[in-house]
Amino acid sequence: MRERNPAPGQTSTAARLTRRSLIVLAAMLAAGCGAPAVENDDVVQAETRDPADELLLASAKIGLPPEGLTQSDLPDPNGAGAAALQAYCTECHALPAPSAHSATDWPAVLRRMWLRMGPGEAAFAVPEPSEAERFVMIRYVMDNALEVSEMTLPDLAGRESFESTCSRCHELPDPRQHSPEDWAAVIRRMADHTQEILGEPLSRDQYEEITGYLRTITNP
C-alpha cells in the first residue's frame with residue numbers, strides 16, 4: 001500500500017513518524033536528563049537539545065529501518081503478515097523488511113519491540129498487536145527472513161570485505177540466494193542502507209571487492 005501525497009495542511013507518514021520519534025525521545029530525555037518537557041506535538045527544536053541529546057537521537061536512528069519500503073514491496077503484500085507489519089511497525093519507525101534479520105533473530109527483535117509498546121505515558125502509547133496477530137507476524141517474518149549462509153566461504157579475494165562489511169548489520173547472507181548477475185544490484189541497495197543507517201558510505205573498492213567475490217563463488 002503506497003502512501004498517497006498528503007492533502008494541504010497534512011503531513012506525510014515519514015514526517016509524522018519522525019515527529020513521533022522526536023517527541024518520545026524528548027520525553028525520555030525530560031524524564032532522565034533534565035531536558036525541557038514536551039507540551040504539544042510540535043517537532044522538538046534543535047536548540048532545546050544539548051550534545052548528549054543529539055547523541056541519543058543519533059544512536060536511536062542507527063537501530064531504525066531505512067525509509068522507502070512500502071507494503072507493496074513486501075513478500076505477499078496483501079497477506080495478513082504484511083498488513084500486520086504495516087499496521088504496527090510504522091507507528092514508530094519506517095517499515096522493516098523481513099530480510100533485515102535471520103529467522104533466528106526475528107523473535108527476539110519483535111519481543112523487544114512489543115515490550116517498548118506497552119509502558120509509557122498515554123500520550124505516547126501506540127497500538128499493540130493481539131496474541132493472534134503476534135503469531136502471524138512472527139510466522140511471516142521468519143518465513144521471509146534473511147537466508148543465512150551455511151556454506152564454507154572460499155578463501156578468495158573479497159572474502160574479508162564481504163564478512164566484515166555485511167556482518168555489521170546482519171548475519172552473513174547465503175551467497176546462493178542470488179544469481180551472479182543480481183549481486184551487483186543487491187550490494188548497491190545494501191550500500192545505500194549502510195549510508196543511511198550508519199552514515200558511512202561503501203567505498204568503490206569495497207563495492208567491487210564484495211560484488212566480485214559473490215559473483216565468483218555463485219557462478220555455476
Side-chain angles (χ1 to χ4, degrees), residues 1-25 41 43 57-58 60-103 105-114 116-117 124-130 132-148 166 168-171 173 177-179 181-202:
M1 181 182 301
R2 296 187 179 278
E3 181 185 1
R4 294 173 297 180
N5 292 329
Q10 294 181 333
T11 56
S12 67
T13 298
R16 175 171 55 82
L17 297 181
T18 300
R19 180 185 297 116
R20 182 194 293 274
S21 299
L22 288 171
I23 293 168
V24 172
L25 285 169
D41 282 350
V43 178
L57 290 170
K61 183 179 179 181
I62 290 175
L64 298 178
E67 295 183 3
L69 200 67
T70 67
Q71 185 174 336
S72 63
D73 298 316
L74 299 180
D76 187 18
N78 297 318
L85 255 63
Q86 174 66 39
Y88 294 105
C89 298
T90 59
E91 284 291 326
C92 296
H93 53 68
L95 185 66
S99 59
H101 300 288
S102 68
D105 293 335
W106 262 120
V109 172
L110 287 177
R111 176 62 176 165
R112 187 169 67 247
M113 295 299 102
W114 294 332
R116 291 175 178 175
M117 288 178 173
F124 306 124
V126 295
E128 296 183 64
S130 65
E133 289 172 320
R134 293 184 185 199
F135 181 81
V136 168
M137 294 172 73
I138 290 177
R139 284 293 303 272
Y140 176 72
V141 294
M142 291 181 69
D143 287 346
N144 298 283
L146 173 73
E147 295 182 31
V148 179
C166 300
R168 296 182 66 188
C169 296
H170 51 69
E171 294 191 56
Q177 66 181 299
H178 297 294
S179 69
E181 296 77 19
D182 291 340
W183 268 117
V186 173
I187 299 303
R188 172 53 56 198
R189 187 175 73 250
M190 293 300 101
D192 292 342
H193 290 179
T194 300
Q195 171 69 49
E196 185 169 354
I197 297 174
L198 302 178
E200 300 177 9
L202 202 65

Calculate, to the nearest 0.5 Å, the distance between atoms [atom1] and [atom2] belonging to [X] and [Y] respectively.
| X | Y | atom1 | atom2 | answer |
| --- | --- | --- | --- | --- |
| Asp76 | Gln71 | CG | CD | 9.5 Å |
| Leu146 | Trp106 | CG | CH2 | 11.0 Å |
| Leu110 | Asp105 | CG | CG | 11.0 Å |

Is there a side-chain contact between [X] and [Y] in this structure, where contact means two heavy atoms from C-beta onward sitting under 4.5 Å apart?
| X | Y | result |
| --- | --- | --- |
| Pro127 | Glu91 | yes |
| Leu74 | Leu95 | yes |
| Cys89 | Met137 | yes |
| Ile187 | Leu202 | yes |
| Pro129 | Met117 | yes |
| Arg134 | Glu128 | yes |

In chain order, what residues pass the side-chain contact (heavy atoms from CB on, under 4.5 Å) check against Pro75, with sequence neighbours excluded?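 Here the qualifying residues are Pro98, Tyr140, Asn144.
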
Suppose we screen for side-chain contact (heavy atoms from CB on, under 4.5 Å). Which residues come up paired with Ala184, at least two apart in sequence or across chains?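 Tyr207, Thr211, Arg215.
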
Once side-chain hydrogen bond (donor to acceptor under 3.5 Å, both in side chains) is applied, do any residues pair with Asp192, and if so which ones, sequence neighbours excluded?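 Not a single residue meets the side-chain hydrogen bond (donor to acceptor under 3.5 Å, both in side chains) criterion with Asp192.
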
With side-chain contact (heavy atoms from CB on, under 4.5 Å) as the test, would you mind laying out the steps for Met113 and Tyr88 before giving the verdict? CA-CA 10 Å; Met113 295 299 102; Tyr88 294 105; over 6 Å; no

